[in-house]
Amino acid sequence: MNPRSISAAEIIKNFTFLGAVTAIEDALKGGLDPAADLQRSILPIEKGELLLMPATSAEGSGIKILTIAPNNPALNQPRIQGVYILFDRENLSISSLLDGAALTTYRTPAISFAAIRQALELSQEDLSVVVFGSGPQAISHIQTLAAVLPTHVKVKSVAFVARDLEKARKRIPDLAELGLASECTMQILGADSAEVDSHLQQADLVIAATTARSPLFDSSLLKDSVIVVAVGSHEPDVREVDSKLLGRAQIVVETRASALREAGDVIMAIGEGSITEKSLNDLADVVCGRVTLNREKPLFFKSSGMSWEDLVIARAIERTL
């Protein structure tokens, strides 16, 4: 068999953010067990990290091979690059090669919105959104939000908060490309802007998609009905959100075991006594209806990324194309 080569451009043209969320939800409702996932390897190399993410399921197997180069953005090069290799279920031959970075761009927000979709459907008012970051994940989370919003809810405002304003203004597309209505108000703010706090006080949804190693904001500014998603880190000593938020929030993680191994936001909150391991709810339990989200307190979802997620999305892309 000659493997198919699926480029980033082909994925973007033919696959949808809604399709990615649906693929994750269908896999979990179909009985996929994230706890059985193969553990990934994160290997330090000279210029950054090498990630190896193998996975297997009834439909076949695959592995994502990525490099993460922290200095690349300063060189106008992608921070994340790589490839996903899909293997045939029957004979383990290579069936497809997919652009790894494009796959990640769809996979990460798909996981986030599978986790919080139930809460969004319970929303009664239009949303004010704050996004920390201006890279591919920050942008794709807004595009996915636009794709999954229930018909009775709209995004009324979105504020991107970035360390490098000039770079952010070049990266962030217009409202139409983000999938938002023309009536939506969009701002791009510097991380030190005095306006950030007022946006946080009004925020219904906060997305953290950065390389920050310490909390990005004071969570006491956030209202009790806020939803917070943190996707920027996968290290036990790195976090984007403070322990105070986790102490008053309902917490959803991909799996308890992976969070206790890699999610610094969770690990440090436990270490500081704000929460316990029992505070953590698994993503599969939320998606499958075994856990009901409590909208009288903040909802916090932490994603570090797991190998099964990439396999599900890669298979969905392969079927679509």
Side-chain angles (χ1 to χ4, degrees), residues 8 11-13 15-22 24 73 78-80 101-121 123 125-165 167-191 193 195-196 199-200 202-212 216-217 222 226-232 240-241 299-303 305 313:
I11 295 171
I12 293 167
K13 180 180 179 181
F15 197 56
T16 67
F17 291 103
L18 178 58
V21 177
T22 301
I24 294 295
R79 178 173 174 268
I80 298 175
L103 175 66
T104 305
T105 299
Y106 282 84
R107 176 265 275 167
T108 306
I111 293 296
S112 297
F113 286 96
I116 69 170
R117 194 173 187 178
Q118 180 191 130
L120 292 175
E121 290 173 348
S123 299
E125 298 180 357
D126 293 343
L127 304 179
S128 294
V129 184
V130 176
V131 186
F132 287 87
S134 63
Q137 284 302 331
I139 294 166
S140 64
H141 269 75
I142 295 300
Q143 291 169 317
T144 305
L145 170 63
V148 304
L149 268 183
T151 55
H152 68 279
V153 180
K154 294 181 174 60
V155 177
K156 63 182 177 183
S157 68
V158 57
F160 287 90
V161 182
R163 288 176 296 180
D164 188 328
L165 273 178
K167 188 175 289 184
R169 287 169 180 149
K170 291 178 180 178
R171 284 175 170 173
I172 297 171
D174 60 20
L175 289 170
E177 193 172 341
L178 288 170
L180 300 175
S182 59
E183 295 81 14
C184 177
T185 301
M186 183 171 74
Q187 291 180 273
I188 303 174
L189 305 173
S193 169
E195 295 180 66
V196 174
H199 281 280
L200 286 169
Q202 300 299 318
D204 302 292
L205 172 62
V206 177
I207 298 166
T210 74
T211 58
L216 293 160
F217 54 87
L222 302 177
V226 72
I227 302 169
V228 179
V229 171
V231 301
E240 296 175 285
V241 175
L299 171 63
F300 176 67
F301 174 64
K302 171 60 187 175
S303 171
I313 299 300

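Going from atom CZ of R117 over to atom OG1 of T22 covers 5.5 Å, rounded to the nearest 0.5 Å. Atom CD of Q137 and atom OG1 of T211 lie 13.0 Å apart (nearest 0.5 Å). The CD1 atom of I313 sits 7.0 Å away from atom CD1 of I111, with the distance rounded to the nearest 0.5 Å. The OG atom of S140 sits 10.5 Å away from atom CG of L178, with the distance rounded to the nearest 0.5 Å. Distance CD1/I207 to OG1/T144: 9.0 Å, rounded to 0.5 Å. Going from atom CG of L165 over to atom NZ of K170 covers 12.5 Å, rounded to the nearest 0.5 Å.
For the side-chain contact (heavy atoms from CB on, under 4.5 Å) test, residues two or more places apart in sequence or in another chain that qualify with I80 are L66, I68. Qualifying side-chain contact (heavy atoms from CB on, under 4.5 Å) partners for K167, counting only residues two or more places apart in sequence or in other chains: P73, D164, R171. Annotation: side-chain contact (heavy atoms from CB on, under 4.5 Å) contacts of I12 (sequence neighbours excluded): Y106. Under the salt bridge (charged side-chain N to carboxylate O under 4.0 Å, His left out) criterion, K13 pairs with no residue at all, not counting sequence neighbours. With sequence neighbours excluded, no residue forms a side chain to side chain donor-acceptor pair (under 3.5 Å) with R169. When the ring-ring contact (aromatic ring centres under 6.0 Å, His included) test is applied to F217, the partners found at least two apart in sequence or on another chain are F132. Shown here are the side-chain contact (heavy atoms from CB on, under 4.5 Å) partners of L175, two or more places apart in sequence or in another chain: L180, C184, M186. Annotation: side chain to side chain donor-acceptor pair (under 3.5 Å) contacts of R79 (sequence neighbours excluded): none. Considering only residues two or more places apart in sequence or on other chains, S303 meets the side chain to side chain donor-acceptor pair (under 3.5 Å) condition with E254.
Sequence neighbours left out, the pairs with a member in residues 174-191 that pass side-chain hydrogen bond (donor to acceptor under 3.5 Å, both in side chains) are Q187-E195, Q187-H199. For residues 139-152, there are no salt bridge (charged side-chain N to carboxylate O under 4.0 Å, His left out) pairs, not counting sequence neighbours. Pairs of residues two or more places apart, or lying in two chains, that qualify as side-chain hydrogen bond (donor to acceptor under 3.5 Å, both in side chains) and include a residue from residues 149-160 are S128-S157.
Closest approach of S134 and I172 over heavy atoms only: CB-CD1, 3.9 Å. When all heavy atoms are compared, the tightest approach of A209 to A138 is CB-N, 3.9 Å. Annotation for E240 and A212: closest pair CG-O, 4.3 Å, computed over non-hydrogen atoms. Looking at every heavy atom in both residues, A230 comes nearest to K302 through O-CD, 3.4 Å. Closest approach of V21 and A114 over heavy atoms only: CG1-N, 4.1 Å. The nearest pair of heavy atoms linking A147 to F17 is CB-CB, 4.3 Å.
Looking only at side-chain heavy atoms (C-beta outward), D204 and S123 stay at 4.5 Å or farther from each other. Side-chain contact check for F113 versus I24: every heavy-atom pair is 4.5 Å or farther apart. Considering only heavy atoms from C-beta on, V226 stays 4.5 Å or farther from L200 through its side chain. By the 4.5 Å heavy-atom criterion applied to side chains, T105 and I139 are not counted as neighbours. With contacts defined as side-chain heavy-atom distances shorter than 4.5 Å, the pair V130/Q202 does not qualify. The side-chain heavy atoms of L120 and V153, taken from C-beta on, include no pair separated by under 4.5 Å.
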Query raised in the report: Taking it one step at a time, do L127 and L149 satisfy side chain to side chain contact (heavy atoms under 4.5 Å, CB included)?
Result: CA-CA 10 Å; L127 304 179; L149 268 183; 3.8 Å; yes

Query raised in the report: Can H141 and V229 be said to form a side chain to side chain contact (heavy atoms under 4.5 Å, CB included), step by step?
Result: CA-CA 10 Å; H141 269 75; V229 171; 4.2 Å; yes

Requested in this report: Applying side chain to side chain contact (heavy atoms under 4.5 Å, CB included), run through I116 and L205 and close with a yes or a no.
Outcome: CA-CA 10 Å; I116 69 170; L205 172 62; 4.1 Å; yes

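Annotation: E125, atom CD; neighbour count of heavy atoms from other residues, nucleotides and ligands within 6.0 Å does not exceed 12.
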